[in-house]
There are 2 protein chains.
Amino acid sequence: MKKPPAIPEDICFCPLSGILDVIAKKWALLIIAILGNEGEKGFNELKRELGCISPKPLSDTLKNLERIGLVSKKVLGTSPPTVKYSLTPEGWELRDHLIPMLVWVSEHGGQDMPGCPIRARKHP
Amino acid sequence: MKKPPAIPEDICFCPLSGILDVIAKKWALLIIAILGNEGEKGFNELKRELGCISPKPLSDTLKNLERIGLVSKKVLGTSPPTVKYSLTPEGWELRDHLIPMLVWVSEHGGQDMPGCPIRARKHP
DNA sequence: CCGTATCCGATAGGATACTG
DNA sequence: CAGTATCCTATCGGATACGG
């Protein structure tokens with residue numbers, strides 16, 4: 001049996017449960033990636049960027065990300081109400097650890113891509 | 001607006017959809033982490049390690065991971081039937097990119113941890 | 001030991017409409 | 001623009017039992 005280059009120490013993954021419940025969702029990682037890549041985004045801006053997400057799941061996901069402290073929400077004016085979502089410092093840290101994986105995945109090329117196109121910035 | 005250290009180029013996240021549909025699930029990341037950390041695992045071994053997963057979701061997840069080429073399955077004997085799940089080369093690559101994130105998350109400490117305890121190796 | 005089969009409840013998430 | 005409110009469906013995921 002191959003001896004794998006193991007995780008540094010005997011590490012407990014208990015704390016993962018909580019965050020994975022939020023992160024391991026359909027849109028969470030993409031939202032973090034996009035916010036990280038572009039800085040700040042409004043609700044519908046984000047919605048447009050994601051391409052085919054309904055307001056409810058987007059709202060839910062943002063609330064969850066906010067709750068666990070990865071995303072912060074700023075309300076600016078009142079008419080028209082302007083809202084900006086951005087990453088918290090913790091969100092940035094996570095994002096930094098996340099990017100290598102996302103980049104690898106996007107380069108590696110998932111052959112099956114049913115559903116709607118999603119882009120970080122430009123779309124071919 | 002803060003100028004973020006962006007993702008290398010204008011990168012298309014289209015290919016993400018397919019793989020995210022698989023890895024952004026409740027158990028997928030943990031399975032990859034565990035297989036990477038311990039090399040090979042049988043079905044029930046994995047089940048025990050995950051702590052509180054039912055056979056069906058485990059079976060489903062493994063099939064999906066196999067389908068997209070991250071996990072391979074070896075059938076050895078016939079009595080008793082011995083099966084070993086392990087990471088494919090691609091699975092290893094993904095795992096390498098994944099570990100920093102998982103380690104960060106586990107160190108960062110998710111305060112809320114409802115549900116069952118999950119461990120990579122030892123459990124306190 | 002390795003799963004599949006079945007059933008079932010919870011919930012994620014899409015569509016749409018509508019309000020502040 | 002920024003969501004909330006419904007509604008509705010598909011799927012996920014747990015429990016249990018059983019077969020190879």
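Below, chain A is the first sequence line, B the second, and so on; all start at residue 1. Side chains are part of it too, since the values below use all heavy atoms of this structure and drop only hydrogens, waters and symmetry mates. Predicted model only: the values in this text are computed from it and were never measured.
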Taking every non-hydrogen atom, the tightest pair across B:G39 and B:S86: O-CB, 3.6 Å
DNA chain D: 5'-proximal contact among B:D60 and A:T82 (nearest heavy atom): A:T82
Check ion pair A:E45-A:K84 (N to O, under 4.0 angstrom): yes
B:S59 side chain near C:dG3 phosphate (N/O to OP1/OP2, under 4.0 Å): no
Gap between atoms CZ and P, on B:R48 and C:dC1 respectively (whole Å): 6 Å
Length of the line joining A:N44:CG and D:dA2:P, which is rounded to integer Å: 5 Å
Nearest-angstrom distance from the residue atom NZ of A:K41 to P of D:dG3: 15 Å
Heavy-atom pair of closest approach, residues B:M101 and B:L29: CE-CD1, 4.3 Å
Sugar-phosphate only, base, or nothing, as touched by B:K84 at under 4.0 Å among non-hydrogen atoms: nothing
Short side-chain N/O contact from A:Y85 to OP1 or OP2 of D:dC1, under 4.0 Å: no
Verdict with supporting geometry, A:L65 and A:Y85, side-chain contact (heavy atoms from CB on, under 4.5 Å): CA-CA 10 Å; A:L65 290 173; A:Y85 291 95; over 6 Å; no
Residue whose closest nucleotide on DNA chain D lies nearer the 5' end, A:E45 versus B:P81: A:E45
Sugar-phosphate only, base, or nothing, as touched by B:K47 at under 4.0 Å among non-hydrogen atoms: nothing
First of A:P55 and B:F43 reached from the 5' end of DNA chain C, by closest nucleotide: B:F43
Distance in angstrom units between A:K25 NZ and D:dT11 P, rounded: 17 Å
Between C1' of C:dG13 and CG of A:L30, the distance in whole Å: 15 Å
Side chain of A:P57 (C-beta onward), nearest among D:dG3, C:dG14, C:dG3: C:dG14
Interatomic distance where CD belongs to B:E66 and C1' belongs to C:dG3 [whole Å]: 13 Å
Smallest separation among heavy atoms of B:H97 and B:E93, with atom names: CD2-O, 2.9 Å
Length of the CG-P vector between A:L58 and C:dG14, whole Å: 10 Å
Touch class at under 4.0 angstrom, heavy-atom based, for A:K63 against every strand present: sugar-phosphate
Distance-only donor-acceptor test (3.5 Å): side chain A:K56, base C:dG13: yes
Length of the line joining A:I53:CD1 and C:dT16:P, which is rounded to integer Å: 16 Å
